[in-house]
Amino acid sequence: MRYEAPTTTKEAASLIAGEKGEAFVLAGGTDLLVRMKTGLSDPDLVVDIKHIPAMQDIKTTDSGTKIGGAVSGSRLNSNKKLKKAWPGVVEATNLIGSDQIQGRATMVGNLCNASPAADSVPAMIAAGAKAVVVGPTKRRTVPVEKIATGPGRTSLAKGEIIESINLPKRTGKSGDAYLRFIPRTEMDIAVVSAGVNLTLEKGLVKTARVCLGAVGPTAVLVQKAAKAIIGSKLDEESLKKMADACSAACNPISDKRGTVEYRTKVAGVLAKRAAKIAFERAGGK
Amino acid sequence: MTHDQSFTNQKFKLVGSRVNRPDGVDKVTGRAKYGADAAAPGQLVALFLRSPHAHAKIKKLDTSRAEKLAGVKAVITSADLPDHTNGAQLDVLENCMARDRVLYDGHAVAAVAAIDRETAKKALKLIKVSYEKLPHVTDVDEAMKSDAPLVRENIFTRGVDPKPTKPSNICKVSTFGHGDIEAGFNEADVIIEKSFKTEQTHQGYIEPHACLASVGPDGNGELWVTTQGHYTYRTVCSALLGMDMAKLKVTSSEIGGGFGGKTHVWIEPIALALSRKANRPVKAVMTRDEVFKASGPTCSTSMDIKIGAKKDGTITAGSAHIRYQDGAFRGQWGQLGAMTAFACYDLKNVQSVGYDVLVNRPKVAAYRAPSAPMAAFGVESTVDLVAKAIGMDPVALRIKNAAKEGTRASYGPTYGPIGIGPTLEAAKNHPHMRAKLKKNQGRGMACGFWFNFGGQTCSDINISADGTVNLTLGTVDVGGSRASMSLICAEELGIPYDQVKANIADTSSLGHNDTTEGSRGTFSSGMATIFAAREAIEEMKERAAQTWDIPVEEVEWVEGEARAVGKKNDNLPPLTLKEIAGRAAATGGPIAGHNEVVADGAGVSFASHICDVEVDPETGGTKIIRYTVIQDAGKAINPDYVEGQFQGGAAQGIGWALNEEYIYGDDGRLQNAGFLDYRIPVCSDLPFIDTEILEIPNPNHPYGIRGVGETSIVPPLAAIGNAVSNAAGVRMTHVPMSPPRILKAIEEAAEA
Ligand SMILES: Cc1cc2nc3c(=O)[nH]c(=O)nc-3n(C[C@H](O)[C@H](O)[C@H](O)COP(=O)(O)OP(=O)(O)OC[C@H]3O[C@@H](n4cnc5c(N)ncnc54)[C@H](O)[C@@H]3O)c2cc1C
């Protein structure tokens with residue numbers, strides 16, 4: 001196995017594109033190294049992206065916030081501005097693993113590992129985040145919901161690397177929130193989860209995005225659920241409509257972590273609770 | 001010399017104080033050596049090839065390519081192991097290495113020893129096995145059906161009359177009780193009958209099984225191993241491999257948890273066999289996946305409980321039919337469950353029937369008070385239902401029916417002084433019982449019983465020339481017993497705690513000690529330590545008498561020194577232990593005390609637990625709000641570690657009650673062989689677990705000690721079951737009470 005630590009994204013992309021055997025990007029390694037240790041992956045080349053300066057930045061500009069691909073969960077947590085603007089995205093990322101894992105794990109690794117239960121993903125999708133994808137020859141910007149295509153699968157071509165996640169600029173009264181259900185209090189994988197992002201105008205929900213995790217092969221953006229609360233003050237009736245829309249959008253499996261019925265029901269419950277938190281964070285009453 | 005075991009109500013100076021454990025610094029600094037921490041020059045790495053099927057015939061097993069791989073020094077299959085057909089150890093060996101059939105997912109079929117892990121991994125891939133899959137069964141109730149696939153073909157149910165002519169998966173039926181249950185149920189005003197299920201759990205010790213084995217061509221062998229009983233490992237391994245017991249030296253490493261799982265051998269005999277074949281030391285360490293699949297978890301169970309009572313709360317009859325699966329090898333787990341089911345109560349009419357059933361799962365091993373927690377879940381849940389039906393407080397109902405001194409236990413014997421009544425009274429009076437509950441919260445309580453055990457023990461005390469003392473023990477320290485034994489030794493000798501250094505001897509340095517199981521450590525090792533110290537004292541009195549030139553009858557031992565008694569001796573200044581030790585070379589040589597004993601009369605143990613739970617009615621999620629353990633310790637030698645045992649049992653019980661379970665697929669394969677999906681509680685899942693130690697002396701121990709290690713895991717399933725049922729407003733009958741099960745029960749109750 002070869003290990004490379006280039007200093008530009010393009011170089012990293014070229015290294016991977018040029019490798020005949022199996023090649024992996026190494027961000028925090030909290031998925032990749034576990035896979036290697038248990039024999040699920042046996043790469044010929046590992047390209048560490050932590051030495052690429054662009055990957056380590058958190059930058060706020062007029063158009064929003066740009067979070068580098070190698071930024072760890074604990075660095076997100078210590079960024080006060082980001083926490084204020086996108087508390088849901090940060091709390092979702094901070095739910096990953098433990099303190100030790102937080103020191104390493106990245107949002108982008110979470111996204112590219114493409115687990116349907118990945119915690120930061122529904123929050124990013126609800127936030128309307130975009131991924132900046134860099135290949136050996138060109139770069140493109142794609143909505144986060146277009147990255148994962150199924151468990152363990154992404155739409156990235158060989159040699160394509162995500163350089164950053166771009167969160168849109170926050171305007172007016174807005175808030176987001178993410179909740180997951182796990183049987184324990186920590187160190188667990190979401191049985192079902194929900195991220196909600198909304199903005200308010202005159203005390204009513206003006207825009208909203210609702211995204212569910214662990215209820216299908218990829219995170220599910222539920223437009224009907226968003227519609228159910230737009231124009232409302234999150235009264236019981238619209239919340240119930242939203243919960244029902246969430247349950248209807250679920251296409252989960254029964255497995256060791258939960259049943260179809262359970263996930264379907266609790267998806268609605270969590271979406272309701274997350275919506276209430278987001279509403280409160282946006283200053284709604 | 002024989003010693004009197006009776007309780008003497010001695011006044012203590014040290015016993016009962018809270019001391020640091022002597023192995024503590026090594027453990028927190030990482031210097032302690034566990035099973036995987038030993039290495040030997042030229043050591044090989046052992047890896048196992050395991051069955052991917054729940055049940056299959058091994059049609060062909062070809063290791064020739066693996067054997068030819070450079071770096072492979074030995075390959076072992078059942079063909080390389082001694083033939084124990086019809087022998088007492090056949091099952092043990094067959095579990096370590098499958099013969100012609102694999103009986104569960106993870107059953108070992110071959111093992112290799114190679115110069116490194118990579119080579120061993122490659123070698124495993126070169127072993128070709130062709131299997132013919134056989135029908136399998138993993139559920140205990142399914143396995144009892146007459147058309148169930150047979151796990152073994154030669155099992156005829158024992159304990160039934162007439163003797164069956166057809167084999168079945170039911171290996172044993174055990175019946176206990178007395179009185180006339182039919183008459184008892186006829187007397188009852190209310191009868192509650194309910195069925196319960198509990199899923200299979202693992203002890204969840206953090207340290208996987210690990211050993212370093214070395215056997216030479218001269219037949220001498222050494223085994224460094226993480227175990228609760230290195231003498232037992234020696235007995236079993238030498239029998240399996242045809243070695244001379246005295247020539248196999250087994251050393252127990254520090255142990256990272258066992259809870260019963262390290263009372264049986266798993267990889268150790270095979271590591272020894274590989275070493276013998278390769279003529280090199282062999283190190284074997286299980287992965288976590290292997291620990292889950294191929295060590296010894298506890299049973300899953302299914303049971304029917306029936307209890308009848310009069311309106312005044314008198315229980316008129318109790319019956320239990322309990323079905324426990326033993327995995328693919330015969331055990332006595334259903335029998336133990338039947339024995340413990342009603343042990344807390346004084347019943348006129350009682351019957352419990354235990355079934356031991358084979359399924360295609362790993363061999364069941366002991367898990368802390370093995371079999372008792374599940375039976376207690378069934379019985380204690382039903383007792384709560386009886387209380388509800390007659391409108392009586394559940395604690396009052398239990399107090400009314402509690403066993404006491406003189407009660408004939410449901411499993412046979414008559415009780416001496418016991419602690420069930422006092423623990424229940426303490427529960428009734430505990431402030432926890434009066435604490436306010438909030439919305440969606442519920443309180444439950446339950447009691448539990450465990451037999452406790454004594455067994456064979458021996459200890460040595462050697463007094464060094466500087467007056468410090470080596471205490472040599474052979475009962476493995478799994479819960480801080482070196483601290484307790486040092487306290488006892490220091491108490492008897494009359495010296496400070498830190499002048500005693502306790503060591504666990506290897507099997508060549510001290511006589512046989514039984515495995516640390518059955519909560520026997522402090523009871524039996526404590527007894528041998530007391531008696532050994534008293535022998536050392538006798539010796540020191542002799543030496544003092546010799547020094548003073550007076551008869552030994554005129555010497556007494558007080559506060560760590562020999563004192564001459566009697567008028568004519570009052571000019572003689574006392575001789576301290578240190579002074580006597582310093583002159584030992586001139587007075588007859590080294591000073592020692594020994595004791596060998598079969599410690600009988602381990603006092604039975606009882607506990608009552610109280611638990612508050614909050615249930616989220618929309619998700620079925622639970623949170624333990626408050627937990628209190630009240631248990632009789634007989635005498636708490638080192639209260640910190642008694643409390644630790646109380647808390648540990650409760651913590652494991654909480655995990656078992658709420659989330660831990662073996663999940664099998666339709667293919668009979670284990671789906672969650674790892675700590676991610678086998679959910680033991682993490683720190684933040686648990687509240688501070690409050691404890692109250694009661695001391696009702698065991699009449700059969702000089703200090704009154706009873707074992708404390710196991711009873712604490714008996715009540716939690718039931719206490720939490722009662723609390724969750726009260727919080728959710730629906731009776732939970734299936735453990736673990738995981739969120740999907742709770743939510744389903746709530747929804748079904750709402751629909752009904
Ligand atoms: C103990 C433990 C607990 C965990 N708990 C959780 C949890 O609670 N919730 C949860 O969602 N996950 C959890 N995880 C999984 C893991 O920590 C997360 O998915 C984490 O976010 C992965 O990030 P990483 O930077 O470590 O990824 P890595 O392991 O470095 O990479 C993951 C995958 O993404 C690819 N990749 C990484 N960066 C890029 C990039 N820039 N462009 C293209 N591909 C890339 C890698 O090649 C690899 O295939 C846990 C893992 C462990 C070990």
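Keep in mind that the numbers below use all heavy atoms, side chains included, and drop hydrogens, waters and symmetry copies. Chain letters run A, B, ... following the sequence lines, proteins first, then strands; residues in each count from 1.
Heavy-atom minimum distance, A:Arg184 versus B:Pro681: CD-CA, 4.4 Å. In terms of heavy atoms, A:Phe181 sits closest to B:Gly621 at CZ-CA, 3.8 Å.
Between B:Glu618 and A:Lys265 no salt bridge is recorded (no basic side-chain N to carboxylate O distance below 4.0 Å).
Atom NZ of B:Lys744 sits in a sparse spot, with 12 or fewer heavy atoms from other residues, nucleotides or ligands closer than 6.0 Å. With a 6.0 Å radius and a threshold of 12 heavy atoms from other residues, nucleotides or ligands, B:Arg288 has its CZ atom above the threshold. Within 6.0 Å of CG on A:Asp235 lie more than 12 heavy atoms contributed by other residues, nucleotides or ligands. Within 6.0 Å of CD on A:Glu186 lie more than 12 heavy atoms contributed by other residues, nucleotides or ligands. Counting heavy-atom neighbours within 6.0 Å of A:Arg209 CZ, excluding the residue itself, gives a total above 12. Counting heavy-atom neighbours within 6.0 Å of A:Gln223 CD, excluding the residue itself, gives a total of 12 or less.
For chain A, the nearby parts of B:Leu676 are the backbone and the side chain; heavy atoms of each come within less than 4.5 Å. Residue contact with chain A, scored on non-hydrogen atoms closer than 4.5 Å, involves the backbone and the side chain of B:Ser684 alike. Heavy atoms of B:Asp289 lying under 4.5 Å from chain A are absent altogether. For B:Asn659, the part lying under 4.5 angstrom from a heavy atom of chain A is the side chain only. If you measure heavy-atom distances from A:Arg273 to chain B, the contacts under 4.5 Å come from the side chain alone. Heavy-atom distances place the side chain of B:Glu747, and not its backbone, under 4.5 Å from chain A.
Ranking A:Arg257, A:Arg263, A:Met187 against chain B, the residue ahead of the rest is A:Arg257, based on heavy-atom pairs under 4.5 Å. The candidate with the highest count of non-hydrogen atom pairs below 4.5 Å against chain B, out of A:Val191, A:Val192, A:Asp188, is A:Asp188. Between chain B and the options A:Thr259, A:Ile189, A:Ile182, A:Leu270, the largest number of non-hydrogen pairs under 4.5 Å is found for A:Ile189.
No donor-acceptor pair closer than 3.5 Å links the side chain of A:Tyr262 to the backbone N or O of B:Gly620. A distance-only check finds a donor-acceptor pair linking the side chain of B:Asp685 to the backbone of A:Thr185 [under 3.5 Å].
Rounding to the nearest 0.5 Å gives a distance of 4.5 Å between CG of B:Asp677 and NZ of A:Lys256.
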